[in-house]
Amino acid sequence: MERRGLARFAAIKSLSVALTSESASLCLFRKPLTILCSIMSATTYIPAALLLFVGCYLLFRRFFRYSIKHIRGPTSSFLRGNMRDFSYQTNVGDMDFRFTKDYGLVWRMEAPFGQDILAIADPKALQHMFHKSGYNYGKNADFLVVTNLLIGKSILYSPSGHIHARHRKVMNPAFSAPQLRSFLPLFRRSAIKLCQLLKEDVLQESVSDGQLVAMNKWLSRTTLDIIGESAFQFEFGALDNSKNEVSEVYENLFMKTRMDPPILDTIFRATWQFLPLKLLEFVKYLPRREYSSPGVMKRVVDKVASSLVDQAIQDAESIEIEKGKKDVMSVLVRANMSENPSLRLSKKEMMAQMGALILAGHETTANTLAWMLWELAKHSYFQNRLRDEIRDKRKDINSRNAGTVIGNVDFSIDDLESMPFLQAVVKETMRFHPIAYHLIRVAKKDDVIPLSKPITTSNRDVIDQVPIAKGQNVLVSICAYNRIKEIWGEDADEFNPMRFIEGRIKHEFKVGMYANLMTFSAGMRGCIGWRFSLIEIQAIIVALVENFEFAVPPKGQNTEVVRKPLGLMSPMVKGRQSEGVLMPLVVKVL
Ligand code: HEM
């Protein structure tokens with residue numbers, strides 16, 4: 001409390017200095033005050049100058065560039081903007097669903113210092129931004145700084161279009177459909193190992209009607225092992241519970257860095273977009289957990305990554321091994337080596353890609369699976385229907401293999417793809433629980449964003465396009481787009497996989513890369529691992545539903561699950577947030 005008070009005092013002090021003192025330069029020329037001024041300058045003039053600069057810039061934007069002040073939206077405070085609505089929702093989407101109801105598919109919010117944010121869920125606007133605007137909508141400073149702290153300058157970081165295109169070109173071959181199909185046996189091995197562990201080590205035989213299990217923890221270990229083996233032929237050994245540094249630093253990473261951010265921190269971050277990225281690299285020295293813990297993770301991943309990248313480079317030089325090694329990193333290293341030397345990724349960039357794959361491809365899939373199990377636990381009818389489909393397919397597989405000595409005894413990609421209800425459950429979970437619920441983009445030049453549905457402004461004008469100025473912050477509401485009733489049906493606020501079977505979804509605009517959802521984003525920066533993730537999810541969910549029955553814990557056991565906004569939507573139990581990410585389910589062996 002005391003420290004917060006001091007920080008608040010410092011901020012108020014710097015603001016008052018900015019407003020009342022004479023200019024810093026004049027001060028330095030007055031001899032008696034010189035020493036005092038130079039001591040004060042570091043603590044007061046720098047933030048004061050920053051605030052003045054931000055203030056002038058915002059005034060300039062408001063009066064001389066396109067303003068979006070006429071777009072309707074919620075009220076906000078000048079210092080905090082709408083950051084409370086944004087970061088302190090009980091459940092991800094509470095804010096977006098309320099605002100789309102009040103204002104339509106486009107609304108205006110504010111960041112600190114009255115900076116406007118244009119929030120968008122409109123499909124035509126999203127199609128324009130993600131498919132028709134090239135690299136005109138870049139990532140914001142907050143995302144760039146934090147990913148750089150966490151993993152370095154990977155594909156996720158690349159601030160400019162040409163850097164990103166270079167990364168993507170080298171990475172694409174590792175994510176081709178045939179390459180990913182070859183991973184299914186590996187995914188199934190891990191899924192079956194998870195089932196064995198649950199049966200043998202976790203669930204007690206004496207408890208016949210099910211036992212409470214923190215399923216998220218097991219799913220997270222499984223997906224970490226999978227990404228280690230398939231991406232780098234590296235065994236994290238997370239399922240075997242062998243304590244390893246990587247799974248330890250990842251545990252509750254998003255909670256440590258993103259949960260309930262203090263308001264001063266939010267205000268501080270709001271100034272980042274006005275500062276050079278090089279300068280912002282120094283935030284890692286700030287004595288706060290938000291900025292120091294990503295560095296700890298980076299050091300741990302770098303230690304593993306350095307030798308793995310060296311090994312992959314050595315292997316790529318040997319033609320024999322080249323034919324054998326199929327892990328993502330080996331394919332990536334080979335693609336890099338055949339690239340024009342001036343376009344090749346450096347060793348540091350390759351190491352950062354490893355961090356990116358662990359960061360983007362581990363908890364995302366684990367959390368999606370956790371929400372899928374939760375929905376199946378809540379809707380036993382859907383769970384039983386899925387299990388029936390799996391058992392029917394199992395019979396087909398067994399009869400296909402009958403009489404063969406070495407047959408294809410497990411589910412193939414074709415088997416999974418020919419299970420319509422499984423496909424529908426995956427799509428509906430992706431729609432209903434988009435793990436990356438928001439993206440923030442910044443316009444790199446003036447633009448006019450078209451809308452599919454006109455909106456009424458605060459001046460009562462009806463408009464079907466929004467002109468914006470270079471530098472405009474845009475919040476892409478993935479969670480709101482995925483719930484638009486005109487697209488997904490009147491029951492869009494309910495979990496119902498049948499919508500994908502009955503074919504009652506209306507797509508006028510091509511938006512997302514999978515099922516026209518925005519869950520994997522879209523366009524040039526869309527998720528490179530979407531196919532990887534879908535095969536992995538199917539491999540795991542089929543094994544779990546075939547072997548276990550899932551139910552939600554009985555009421556009154558203090559197990560109400562909420563969708564916590566931690567940058568990544570994470571399950572937590574209301575009132576037990578200090579326990580970290582948690583999805584408790586009653587699990588029974590079948
Ligand atoms: C349910 C699972 C997943 C979801 C919902 C998801 C979602 C996303 C989204 C929304 C983005 C765009 C981020 C942005 O533009 O700021 C993205 C990018 C990315 N994802 Fe995924 N992802 C998932 C799984 C995976 C997996 C399994 C991998 C790797 C094996 C992966 C690797 C990546 C990478 C490397 C990028 C950056 C692509 C680029 O900038 O070109 N993701 N993901």
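First listed ligand is number 1; within each ligand, the first listed atom is number 1. Starting from 1, each residue takes its place in the sequence as its number.
Distances below 4.0 Å separate heavy atoms of T365 from the following atoms of ligand 1: 2 (C), 27 (C). Atoms of ligand 1 lying under 4.0 Å from at least one heavy atom of A436, given by number and element, are 10 (C). The contact set between ligand 1 and I155, taken as ligand atoms under 4.0 Å from a residue heavy atom, comprises 35 (C), 39 (C), 40 (O), 41 (O). Shown in contact with S521 at under 4.0 Å from a heavy atom are these atoms of ligand 1, numbered in order with element: 10 (C), 12 (C).
Judged by the shortest distance from any of its heavy atoms, I227 lies inside the 4.0 Å radius around the atoms of ligand 1. Within the 4.0 Å heavy-atom cutoff, R531 does not count among the residues contacting ligand 1. Ligand 1 is approached by G526 to a heavy-atom distance shorter than 4.0 Å.
Protein heavy atom closest to atom 36 (C) of ligand 1, with residue, atom name and distance, is L156 CD2, 3.9 Å. Ranking protein heavy atoms by distance to atom 6 (C) of ligand 1, first place goes to F520 CD2, 3.6 Å. Residue, atom and distance of the protein heavy atom nearest to atom 35 (C) of ligand 1 are I528 CG2, 3.4 Å. Residue, atom and distance of the protein heavy atom nearest to atom 1 (C) of ligand 1 are T368 OG1, 3.2 Å. Looking only at protein heavy atoms, the nearest one to atom 7 (C) of ligand 1 is T519 O, 3.6 Å. Among protein heavy atoms, atom 13 (C) of ligand 1 sits closest to L439 CD2, 4.0 Å. Nearest non-hydrogen protein atom to atom 15 (O) of ligand 1 is R441 NH2, 2.7 Å. Looking only at protein heavy atoms, the nearest one to atom 33 (C) of ligand 1 is A360 CB, 3.5 Å.
Annotation: F187 is in aromatic contact with F532 [ring centroid separation under 6.0 Å]. The six-membered or imidazole ring of H507 lies near that of W488, with a centre-to-centre distance under 6.0 Å.
The existence of a salt bridge linking R499 and E428 is confirmed by a sub-4.0 Å separation between a basic side-chain nitrogen and an acidic carboxylate oxygen. Taking the charged nitrogens against the carboxylate oxygens, R344 and E349 have no contact shorter than 4.0 Å, which rules out a salt bridge. A salt bridge is absent between K470 and D446; no separation between the charged side-chain nitrogens and carboxylate oxygens falls under 4.0 Å. Between E389 and R387 there is no salt bridge, since no side-chain N of the basic residue sits under 4.0 Å from a carboxylate O of the acidic one.
Between the side chains of D447 and H128, at least one donor-acceptor pair of N or O atoms lies under 3.5 Å. Looking at Q311 and Q233, their side chains never bring a donor and an acceptor atom within 3.5 Å of each other. T222 and K193 are not linked by any side-chain donor-acceptor pair at a separation below 3.5 angstrom, with hydrogens and angles left out of the test.
The option from R525, R168, M171 that lies nearest to atom 41 (O) of ligand 1, judged by heavy atoms, is R168. Nearest to atom 42 (N) of ligand 1 by heavy-atom distance, out of C527, S533, G361, is C527.
When the shell of 6.0 Å around NZ of K510 is examined, it contains more than 12 heavy atoms from other residues, nucleotides or ligands.
Looking only at distances, a side-chain donor or acceptor of H379 sits under 3.5 Å from a matching main-chain atom of E375.
Stacking of R483 on the aromatic ring of F432 is recorded, both the 6.0 Å distance cut-off and the 45° axial limit being met.
For H164, a nitrogen or oxygen atom sits less than 3.5 Å from a nitrogen or oxygen atom of ligand 1, counting backbone and side chain alike. On a distance-only criterion, T364 and ligand 1 share no N/O pair closer than 3.5 Å.
Here H362 has no heavy atoms under 4.0 Å from ligand 1, in either its backbone or its side chain.
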